[in-house]
Amino acid sequence: AALEARGVEVEEVPPGAGGPEPGPGRVDPRGALDALGRRGVRHVLLEGGPALTAGFLAAGLVDRVWCFVAPKLVGGDAAPGPVRGEGVARVADALALLDLAAEPSGEDVLLVGHVRVP
């Protein structure tokens, strides 16, 4: 209601698993994109946390990745990552980015690539 009072259009989407770690409030990726498509939206910038990212990747709904990388080494077994879930057992099974481009962005590096469709 607070957003609508400020002129924001709000679309309720039925909850879904939203990724490999289901939980309350998780967004159903296909339901969200279907709702946006009905409004004429054809491009979406997904800016969220690791669970949201994992849900859209697992559903095969990501075609391009824009990834900012900070030149910092965090390390540790509990270090946060950009995508939740189990990941892959071998690097050869990882999701590959094609036509990769890199450019500086302040102190960070912006990587842009298309997702290889399996």
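Index from 1, following the sequence.
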Where is the tightest heavy-atom contact between [X] and [Y], given as atom of each residue plus distance?
X	Y	result
L95	R116	CD1-O, 3.9 Å
G37	R42	O-NH1, 3.3 Å
A59	P29	CB-CB, 4.3 Å
D108	P71	OD1-CD, 3.7 Å
V74	A79	CG1-CB, 4.0 Å
E11	A35	CG-CB, 3.6 Å

Requested in this report: Report the distance from atom CZ of R64 to atom CG of L45, rounding to the nearest 0.5 Å.
Outcome: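 Going from the CZ atom of R64 to the CG atom of L45 covers 11.5 Å.
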Requested in this report: First locate atom NE2 of H114, then atom CG of L100, and finally report the distance between them rounded to the nearest 0.5 Å.
Outcome: 11.0 Å
In one Ile/Leu/Val/Met/Phe/Trp/Tyr side-chain cluster, 4.5 Å: [X], [Y]:
X	Y	answer
L61	V41	yes
V112	V44	no
F56	W66	no

**Report entry** F68: which of V109, L110, L111 passes side-chain contact (heavy atoms from CB on, under 4.5 Å)
**Finding:** L110
Query - Over 12 foreign heavy atoms within 6.0 Å of CD, E9 - result: no
Query raised in the report: Heavy-atom count around R39 CZ within 6.0 Å, excluding the residue itself: above 12?
Result: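 For R39, atom CZ is crowded (more than 12 foreign heavy atoms under 6.0 Å).
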Query raised in the report: Side chains of V62 and V115: does their closest heavy-atom pair fall under 4.5 Å?
Result: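 A side-chain contact exists here, since the closest heavy-atom pair is under 4.5 Å.
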